Amino acid sequence: MATPRIFISSTCYDLQEVRFQLRKFVEDFGFEPVMSEFGDIFYNFDKHVQESCKDEIDKCHLFILVIGNNYGSLYFENPENREIPDSVTLQEFRKALETKVYKHIFINRFVNYDYQNYKRALEKRLVSYYEQNKVKDKNIDAIADKIKKEFSETYPFPQDSYRFIFNFLEIINSLTINNAVVPFETFSDIKDSLKKQWSGLLYESLTKPNSVS
């Protein structure tokens with residue numbers, strides 16, 4: 001019998017307990033979890049282990065991303081000119097975007113709360129600048145990037161890692177499809193959301209009209 005494979009992406013150190021609980025939940029649901037620490041990854045002898053993890057996403061049917069308050073290990077092949085380097089988790093997410101696998105995105109509620117405060121403060125700074133200065137349309141993006149950079153250099157991030165995590169969240173925030181984000185405090189929040197979403201997927205597949213040639 002075919003079994004859906006679920007790739008679980010997150011930092012490990014701070015979310016270890018959540019990952020263990022998520023693995024059991026996925027298995028109890030009858031699906032196959034794919035997690036690096038349980039030997040679910042085929043490590044190609046010709047590739048870096050991080051690349052092998054990314055390759056496994058191609059073989060999965062669903063992708064679960066869980067973001068806590070830790071940015072995690074850095075990706076081994078970051079471009080030298082990248083101001084904020086990718087973490088392994090962010091690279092896995094970029095791979096999921098490339099493959100267009102269906103995604104579930106969970107963000108720690110308190111991290112998300114701090115991010116929303118940061119966004120509001122930055123938006124206020126941008127609005128204030130545009131009200132006081134005339135900006136040509138062609139220069140808007142460049143000026144916005146400059147203001148954001150200056151703002152972030154002095155912003156009182158609750159934790160140093162948030163400077164990087166907020167950049168991750170901005171990438172998520174820029175998505176136009178499959179962009180639902182579910183804040184969580186405990187694993188129960190993740191479990192309840194997945195049960196509803198997977199129930200919806202089953203209902204949709206059962207009620208779609210079958211086409212017969």
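The figures here come from the full heavy-atom set of this structure, side chains too, leaving out hydrogens, waters and symmetry mates. All values reported here derive from a predicted model rather than from experimental measurement.
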Does the side chain of [Y] come within less than 4.5 Å of [X]'s, by heavy atoms?
X	Y	result
L126	F151	no
Q50	Q91	no
N108	N69	no
F168	T89	yes
Q159	I165	no
F63	I57	yes
F157	D114	no
Y162	Y115	no

Donor-acceptor pair between [X] and [Y] side chains, under 3.5 angstrom:
X	Y	value
Q132	S128	yes
R19	S10	yes
R120	N117	yes

Would you call [X] and [Y] a salt bridge, using N to O less than 4.0 angstrom?
X	Y	answer
E150	K146	yes
R23	E27	yes
K59	E56	yes
E51	K54	yes

For residues [X] and [Y], report the shortest heavy-atom separation together with the two atoms involved.
X	Y	answer
F164	P85	CE2-CD, 4.0 Å
N112	P183	ND2-CG, 4.0 Å
I140	Y130	O-OH, 3.6 Å
Y13	N70	CB-ND2, 4.4 Å

Exercise for review: Please answer whether the main-chain N or O of Y129 pairs with a side-chain N or O of N133 as donor and acceptor at a distance below 3.5 Å.
Suggested key: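 Checked: pair present.
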
Just wondering, are more than 12 heavy atoms of other shown residues or ligands nearer than 6.0 Å to [atom1] in [X]?
X	atom1	answer
L202	CG	yes
D160	CG	no
E185	CD	yes
Y43	OH	yes

Exercise for review: Any chance you could pull the hydrophobic cluster mates of I190, using side-chain heavy atoms under 4.5 angstrom and chaining through other members?
Suggested key: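 Its cluster mates, by chain and number, are I6, I8, L15, V18, F20, L22, F25, V26, F29, F31, M35, F38, L62, I64, V66, Y102, F106, V182, F184, F187, L194, W198, L201.
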
